[in-house]
Protein chains: 2
Amino acid sequence: MKYNIDTSEKILNAATHEFEEKGYNGTRMQGIANRAGINKALLHYYYKSKDALFQIIIHKAFKVFIPQIVSVFEEDTDLFTTIEKFTSSYIDVYIKNPRVPSFITQEINNNPERLVNLIQSSGVNVEIFKNKIIKAVKEGQIIDIDPEQLIVNIVSLCLFPFVAKPIVTKLILRGNDKDFDRFMEKRKNEISTFIIKGIRK
Amino acid sequence: MKYNIDTSEKILNAATHEFEEKGYNGTRMQGIANRAGINKALLHYYYKSKDALFQIIIHKAFKVFIPQIVSVFEEDTDLFTTIEKFTSSYIDVYIKNPRVPSFITQEINNNPERLVNLIQSSGVNVEIFKNKIIKAVKEGQIIDIDPEQLIVNIVSLCLFPFVAKPIVTKLILRGNDKDFDRFMEKRKNEISTFIIKGIRK
DNA sequence: AAACTTATTAACCATTTGGTTAATTTTAAC
DNA sequence: GTTAAAATTAACCAAATGGTTAATAAGTTT
């Protein structure tokens, strides 16, 4: 026997929660151990250091989420369909993993370099999407919009609500977590209409 | 003489930078002292504790930025003009204070309650804006859009690029800080066109 | 310039924190 | 059932960190 897989998973789950909630600097190894119901020494027995554990978790997060989105870019469909599919599946991923955007946002501040490298090395290629937009402009299908502005628009509309979840929930919706979920579920389908109407000629 | 105003400001500046860059948990009192070119004991002589210092800084940030935006809501202009003015001045504030959105975003994660209270007590009232949207829908000026979705759209489009600045700069623009500034300067004027086209009947 | 207040510092302290050691219990192998 | 490997723990450690103390330097007042 080499490493109890059950304990290993328990730790990884606990650590993921802690890091997502409190960020790297706010997370304590003791806190992870407590949450996993184990001893701090055992934690270090399974994972060398806090940093090593964090690396694994952030890598895992990207391995899971990025590919689903990339595949949408690469499909050979028209721009409108791409936008519809992208927004819908992008929001859907985060409805199921609502703490991830904040986690990533925190990481942007702490270590921008690492994050950029991670995304790049995970095969995201914005150029394909850019070209699709440029083509649509040339063909007169959409208005003359800067492809970079449009991409930022799309990503902003999908991601920001998750990053600012408490503000959206309490200040704008004046509700609770359930109201937020409903709001995002509705958004998942509506957002592409808004975007497409904003660029269609 | 009670407290050297110069030293006091030096500390506040240093602390603001540190907190903005590293977040509450990542910031060290020694780091602030170093940056201010003083001794750690003097830091505590001027500001009771790390938390007290942080409170002052986050309050100050809100006192400065919120009122400018609220005033736009309250003006008695039509919806389209309101959107134009809001997006333009909102983005402009952050072009001049680009680290603030990340700072606030970190605070959302650490202490959502405090942030929501702070915003509410600083007089932001979304209802005025909501009503303006509802009225525009009724009068057939814009399509039948959920006012909450529209507000989130507007805020997302303005704020998210700042929160994800490194990603936008390196991954989408494939440039540097200057490219980002140019991008946002252009965005300041273009974004309202996109929004209004997206809702106009 | 003496007396007093304010500003600044070096040295110190208690607690927290990531990480280690060495011993103990559990599991698997023979 | 004995032995070896793996899993788990209690106790410990050094460095970092927020904060304090007590002494000194710089200004003000009279």
Side-chain angles (χ1 to χ4, degrees), chain A residues 1-61 102-103 106-107 109-111 113-115, chain B residues 1-61 103 106-107 109-111 113-114:
Chain A
M1 190 195 327
K2 181 85 188 186
Y3 289 114
N4 183 336
I5 189 79
D6 198 62
T7 308
S8 173
E9 295 257 294
K10 252 188 342 195
I11 293 173
L12 222 54
N13 274 335
T16 304
H17 273 84
E18 292 289 308
F19 280 130
E20 282 177 353
E21 276 172 23
K22 300 168 190 172
Y24 183 84
N25 286 312
T27 295
R28 303 283 162 254
M29 291 302 264
Q30 188 61 58
I32 296 172
N34 290 150
R35 191 162 197 154
I38 56 152
N39 186 286
K40 193 166 56 121
L42 190 61
L43 179 52
H44 283 282
Y45 176 70
Y46 277 83
Y47 299 92
K48 201 175 70 204
S49 67
K50 185 182 180 181
D51 200 66
L53 189 48
F54 185 76
Q55 298 267 42
I56 290 167
I57 286 165
I58 202 165
H59 270 83
K60 221 180 162 186
S102 307
F103 179 53
Q106 284 187 62
E107 205 20 36
N109 296 312
N110 286 337
N111 202 336
E113 306 297 330
R114 171 161 64 187
L115 197 68
Chain B
M1 191 195 326
K2 180 85 189 185
Y3 290 115
N4 182 335
I5 189 80
D6 198 61
T7 308
S8 172
E9 295 258 295
K10 253 189 339 194
I11 292 173
L12 222 54
N13 275 334
T16 304
H17 273 84
E18 292 289 307
F19 280 130
E20 281 176 354
E21 275 172 23
K22 299 169 191 173
Y24 183 83
N25 286 312
T27 294
R28 302 283 162 255
M29 291 302 266
Q30 188 60 59
I32 296 172
N34 290 150
R35 192 162 196 153
I38 57 153
N39 185 286
K40 194 165 56 120
L42 190 61
L43 178 52
H44 283 282
Y45 176 70
Y46 277 82
Y47 300 92
K48 199 175 73 205
S49 66
K50 187 183 179 181
D51 200 67
L53 189 49
F54 184 76
Q55 298 268 41
I56 290 167
I57 286 165
I58 202 166
H59 270 83
K60 221 179 162 186
F103 179 52
Q106 284 187 62
E107 208 16 37
N109 295 313
N110 285 336
N111 202 336
E113 307 297 330
R114 170 160 67 189

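Proteins get letters first, then strands, A, B, ... in listed order; numbering begins at 1 in each. All values derive from a computational prediction rather than experimental measurement.
For B:Thr7, a side-chain nitrogen or oxygen approaches OP1 or OP2 of C:dT8 to under 4.0 Å.
Across all their heavy atoms, A:Leu43 and A:Ala33 have their closest contact at CD2-N, 4.0 Å. Closest of all the heavy-atom pairs between B:Glu20 and B:Gln106 is O-NE2, 3.7 Å. When every heavy atom of B:Glu18 is checked against every heavy atom of B:Thr27, the shortest pair comes out as O-OG1, 3.2 Å.
Candidate nucleotides C:dT6, C:dT9, D:dT8 were compared by shortest atom distance to the side chain of B:Ile38, and C:dT9 ranks first.
Using a 4.0 Å heavy-atom distance criterion, A:Tyr46 is classed as a sugar-phosphate-only contact.
Screening residues 42-59 of chain B for salt bridge (charged side-chain N to carboxylate O under 4.0 Å, His left out) gives no qualifying pairs among residues at least two apart or on separate chains.
D:dA7 atom P lies 9 Å from atom CG of A:Leu42, rounded to whole Å. Distance A:Asn34 CG to D:dT9 P: 12 Å, rounded to the nearest Å. Taking atom CG on B:Asn4 and atom P on D:dT28, their separation rounds to 10 Å, with Å as the unit.
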- Message: Working note: A:Asn25 + B:Lys22, criterion side-chain contact (heavy atoms from CB on, under 4.5 Å); need CA distance, chi angles, decisive distance, verdict.
- Response: CA-CA 9 Å; A:Asn25 286 312; B:Lys22 299 169 191 173; 5.8 Å; no
- From CA spacing to verdict: side-chain contact (heavy atoms from CB on, under 4.5 Å), B:Ile57, B:Lys60: CA-CA 5 Å; B:Ile57 286 165; B:Lys60 221 179 162 186; 5.6 Å; no
- side-chain contact (heavy atoms from CB on, under 4.5 Å) assessment of B:Leu53 paired with B:Leu12: CA-CA 8 Å; B:Leu53 189 49; B:Leu12 222 54; 3.8 Å; yes
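Within residues 8-21 of chain B, no residue has a heavy atom under 4.0 Å from DNA chain D.
In this structure B:Phe103 satisfies the ring-ring contact (aromatic ring centres under 6.0 Å, His included) test together with B:Phe54, sequence neighbours excluded. Residues forming a side chain to side chain contact (heavy atoms under 4.5 Å, CB included) with B:Asp6 (at least two apart in sequence, or on another chain): B:Asn4.
The line from CD of B:Glu9 to CD1 of B:Ile11 is 10.5 Å long, rounded to the nearest 0.5 Å.
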Check: protein-nucleotides 24-26 of chain D nitrogen or oxygen pairs below 3.5 Å:
none

- Query: Taking protein heavy atoms under 4.0 Å as touching, what does nucleotides 17-24 of chain C look like 5' to 3' if B marks base contact, S marks sugar-phosphate-only contact and - marks none?
  - Reply: SBBBB---
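One N or O on the side chain of A:His17 and one on the backbone of A:Asn13 form a donor-acceptor pair closer than 3.5 Å.
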